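Single-structure report; data block below.
A, B, ... follow the sequence lines: proteins, then strands. Residue 1 opens every chain. Keep in mind that what you see is a predicted model, and the values were worked out from it rather than measured.
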2 protein chains.
Amino acid sequence: MLEIRQLRYVQAVGEELHFGRAAARLHIAQPALSRQIQRIEQQTGAALFVRTQRKVELTAAGALMLERSRSILRELEQLEQDVRRAGKGELGRLTIGFIHSSTYGLLPRTLQRFRDLYPDVELELREMSIADQATALARDDIDVGLTRPARYAPGIETLSIMEEAFVVAVPAYHPLASSASTPLARLSNEPFILFPRASSPLFNASILRMCETAGFTPQAIQTATQVHTVVGLVSAGMGVAIVPVTAKNMQVSGVAFLRIQENPPPVSVVLAWRTSRETPSLRAFRAIAFKVGEEFMATQARTRRGGDVC
Amino acid sequence: MLEIRQLRYVQAVGEELHFGRAAARLHIAQPALSRQIQRIEQQTGAALFVRTQRKVELTAAGALMLERSRSILRELEQLEQDVRRAGKGELGRLTIGFIHSSTYGLLPRTLQRFRDLYPDVELELREMSIADQATALARDDIDVGLTRPARYAPGIETLSIMEEAFVVAVPAYHPLASSASTPLARLSNEPFILFPRASSPLFNASILRMCETAGFTPQAIQTATQVHTVVGLVSAGMGVAIVPVTAKNMQVSGVAFLRIQENPPPVSVVLAWRTSRETPSLRAFRAIAFKVGEEFMATQARTRRGGDVC
DNA sequence: TCTATTGATGTCCTGGAGGTATTACCGATG
DNA sequence: CATCGGTAATACCTCCAGGACATCAATAGA
């Protein structure tokens, strides 16, 4: 089989058309070069160069080999560089699962920053439920999920990147709308828009638990899966709701958000991935998402103080 | 720079996912393989395989390298094979100049046989005058010319591949039309269609000389450069002409061809090429053209005996 | 005829690829 | 829990292919 060295030598001689100069360019002595070329010619049975004393010329086979050698050498160089970049996570492909609500906060900012830093990593985005992400991770359908804490199969690792407090959403005309905060008990007789237990078990359970702690059971007048829908229903005056604070980022008017005085436990946004599928790109994505999460929480802590009518 | 060996090793390990088996497949011992892979990983700074005890897995960088290595190795193999074939003249490109009249005989047969034997040699055909071929050869615009003897620049070699006798062409109704041969002197008072001296010096000079030897100067009533045109004019009854015997192969009716009793010197068809540009494909082409020329002459010697009205 | 140029040849040397033996690590098994 | 089996990594040695150096051979040009 031909060796890379031989291609390099053919290229040098083919371009210089002079064994001495070609050898100098290759940082080897001329006899070594002569012998290598001879060896190729012997291996292939094809004369590559016509050495008339005083000048060297390419044969047809030589010209063919010169051209193709150039191309292979280029590819090889590109390969080495790409492997190097892939090793640093600058090259590759990342399939990201995400829950719908993350598009109102973390995800766009994370993607933007990631694309800036790693423009040659191909990103594939898939909106999927928390449960779907769990199975997709287990089946290796996605590389990483931007999701919520849940029961994941063994071998799936998670990292919490943001804690979202819950807030109360009330219609703008509601008596509470001008307050910055409220105790939960104040809502005991309000009609509630809740998350359905089946499709949003985490939110459903968290909210029921905090109301229970406050001493009442919320009166469900309606349920909706998407945070966006819930807030929409509130704005339509159907009732009040307890939603994660990112809901403020949605462009929905006619809704006021109030801090909950009991400070119930927040809900996390987590990254989830298979430990065994940890790639450099994934590591990079994780680091960026984590950073963005931190910044995001800092921002929200600041804005929380002001009045919150959108 | 990456070595071919390294690509082969990555491919083996990437496909077997087992150092021992990969080493066996490569006919080397396992430690050597381990070391080489380590060296690549060190060179590129990218982990290619995850060696969890009990199993070997590809990283993203490894998968990238595996795929690209396969492709480069394939190309390299193809290259070696192609160089080998190019050396034997089975691959390449041949630009052939030819005079128009050769399409009535040698050229089609030569091309057909050459294509059968060397299907991967690309052929480029250019109809050009004898003089144009001479300059094209000198300027390396064509690899070989199918032409006539002429003054060629030094470094241009020629090989005669066919001798064509001259014959007399007369209209079918002409008193001589039923004869198989005639002495030239019999034509001294006939109107002649001649080849112009400027564009067909060889034919012009040959014909004038043979008439002169026969004791007369032909009366030119018309001139034409192409043999085909000359024969056409004869068939139209404009006069008689002296043309090379291949003219019989043209599909022109109403013309009779007669042997010349004086047996004037024939005219050659030659191959011309630059000595320094002798490629294997050219050698092959030359051999075939030579063979076809021999066969062609044999055929004509046979048919010459019969009556020659077309 | 002599000299300069340039590729080929002869000879020796060395780095690195490979081999053998062994170790290290882990999982399975009784 | 000790041991065994399987697998990759390490240690150390061998050997050869590719390279350096010196020289030759052939030719062009002065």
Rounded distance in Å - CD (B:Glu3) to C1' (C:dA17): 11 Å
In whole Å, I'd like the distance from the CD atom of A:Glu57 to the C1' atom of C:dT6. 15 Å
To the closest 0.5 Å, what do you measure between OG1 (A:Thr95) and CG (A:Leu125)? 9.0 Å
OH (B:Tyr118) and CZ (B:Phe285) are apart, to the nearest 0.5 Å, by 12.0 Å
I'd like to know if B:Glu295 and B:Arg113 make a salt bridge, using a cut-off of under 4.0 Å between side-chain N and carboxylate O. yes
Can B:Glu41 and B:Arg51 be counted as an ion pair, charged N to O under 4.0 angstrom? yes
Indicate the atoms forming the closest heavy-atom contact of B:Glu127 with B:Ile99, along with that distance. CG-C, 4.5 Å
Residue pair A:Gln133 / A:Ile142: nearest heavy atoms and the distance that separates them: O-CD1, 4.1 Å
Any side-chain N or O of B:His18 below 4.0 angstrom from OP1/OP2 of D:dG6? no
I want to check one thing: is the phosphate of C:dA8, taken as OP1 and OP2, less than 4.0 Å away from some side-chain N or O of A:Arg51? yes
Please list, in numerical order, the residues of residues 34-42 of chain A that have a heavy atom closer than 4.0 Å to any atom of DNA chain D. A:Arg35, A:Gln36, A:Arg39
Which nucleotide in D:dA9, D:dA22, D:dG18 has an atom nearest any side-chain atom of B:Gln30: D:dA9
